[in-house]
Number of protein chains: 2
Amino acid sequence: MEFTQTLRDQELKVTPQRLALLEEIEHAGHIDVDALYAILKMSFPAISLATVYKNVSQMYELKILEVIKVPDRKLQYEIAKAPHIHLACDQCGNVLDMNKCIDELMFSAESESGFKLNHSAVVLNGLCPSCQSA
Amino acid sequence: MEFTQTLRDQELKVTPQRLALLEEIEHAGHIDVDALYAILKMSFPAISLATVYKNVSQMYELKILEVIKVPDRKLQYEIAKAPHIHLACDQCGNVLDMNKCIDELMFSAESESGFKLNHSAVVLNGLCPSCQSA
DNA sequence: AACTTAAATAATAATTTTTATTATTTAGTT
DNA sequence: AACTAAATAATAAAAATTATTATTTAAGTT
């Protein structure tokens with residue numbers, strides 16, 4: 001598994017729970033702690049909610065995970081990757097990643113403000129193409 | 001007061017607590033519930049934390065307030081205004097509003113993704129100019 | 001392959017954050 | 001001034017998160 005290496009790189013022990021957690025986050029794209037717990041319980045009936053919280057926070061600190069806040073939803077975790085834009089549809093609830101536009105934004109914002117940026121959290125809300133026509 | 005009208009427009013009764021709450025949020029720029037409560041207690045020693053929560057949520061639903069999530073901080077409330085970018089300095093903790101760049105971003109993101117956008121939450125982190133030189 | 005040890009887990013308690021309930025007070029109207 | 005619906009304060013309840021601890025397990029070492 002690819003995540004085995006991710007964990008080793010951060011000197012975290014490779015446990016079945018951690019691998020499943022990462023795989024599920026990757027599969028879901030964006031997911032909150034509760035939903036994650038519910039899903040993991042299917043493979044690990046004895047898993048503790050505290051374990052999910054602990055791991056998720058830990059991996060967030062180690063930058064294995066990122067977190068975004070979509071209005072009116074709980075914090076959503078995702079696998080950390082290159083900075084990107086989150087498009088959240090208010091109708092169907094989907095959250096889409098978009099890699100375009102973000103570099104231009106960061107660049108313009110830096111030169112405009114004089115900030116030296118190292119992190120972005122961009123969440124745009126609206127209706128996705130299919131929900132517009134529906 | 002300008003906020004008197006804001007409240008009337010939304011058919012909320014104009015109470016001293018509400019006016020103070022709005023004025024304090026405006027004055028702070030961005031503030032979380034706890035800090036807000038602590039400050040309001042100075043003018044209203046008997047104010048209830050539940051009142052702060054209630055009003056803040058209520059005004060958020062009525063779009064009088066907006067909320068942003070800066071990494072590792074509690075939810076920050078601000079007076080709703082035109083969409084803008086939040087620049088958060090990791091050193092001094094300040095959150096700055098920037099009105100440039102956001103329109104271009106929304107426009108590009110819409111045409112790129114096909115979404116019809118109606119809301120943005122952009123938080124960029126880094127070092128502000130003065131913290132860079134310090 | 002068994003042994004060792006530090007770390008991870010599950011279970012649980014404790015804490016923190018947020019929301020609900022209710023009696024009292026108050027803003028806005030008549 | 002009186003009325004009424006809404007807001008507040010106080011409090012309880014619920015939900016979310018973190019801490020504690022005994023047990024289990026991953027990963028290195030013999």
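By convention in this document, chain letters (A, B, ...) are assigned in the order of the sequence lines, proteins followed by strands, and residues within each chain are numbered from 1.
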Any donor-acceptor pair under 3.5 Å from [X] side chain to [Y] backbone:
X: A:Q91; Y: A:G126; answer: no
X: B:H27; Y: B:I25; answer: no
X: A:R18; Y: A:T4; answer: no
X: A:E66; Y: A:E78; answer: no
X: A:H30; Y: A:A28; answer: no

Heavy atoms from other residues, nucleotides or ligands near [atom1] of [X] exceed 12 (cutoff 6.0 Å):
X: B:K100; atom1: NZ; result: no
X: A:K74; atom1: NZ; result: yes
X: B:K81; atom1: NZ; result: yes

Atom pair distance, as rounded to whole Å: [atom1] in [X] and [atom2] in [N]:
X: A:R18; N: D:dT24; atom1: CZ; atom2: P; value: 19 Å
X: A:Q5; N: D:dA26; atom1: CD; atom2: P; value: 18 Å
X: A:L40; N: C:dT9; atom1: CG; atom2: P; value: 11 Å
X: A:L19; N: D:dT25; atom1: CG; atom2: P; value: 16 Å
X: B:E11; N: D:dA6; atom1: CD; atom2: C1'; value: 12 Å
X: B:R73; N: C:dT16; atom1: CZ; atom2: C1'; value: 20 Å
X: A:Y60; N: D:dT18; atom1: OH; atom2: C1'; value: 17 Å
X: A:I47; N: D:dT24; atom1: CD1; atom2: C1'; value: 14 Å

For residues A:L36 and A:V56, determine if any side-chain heavy atom of one lies less than 4.5 Å from a side-chain heavy atom of the other.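 Yes. Closest side-chain heavy atoms under 4.5 Å.
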Treating primed atoms plus P, OP1 and OP2 as sugar-phosphate and everything else as base, which nucleotides of nucleotides 17-30 of chain C get B, S or - for protein heavy atoms under 4.0 Å? SBBB------BS--
Over the length of the helix from C:dA1-D:dT30 to C:dT30-D:dA1, how much do the five-pair end axes diverge, rounded to 10 degrees?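 Axis-to-axis angle, ends of the helix: 40°.
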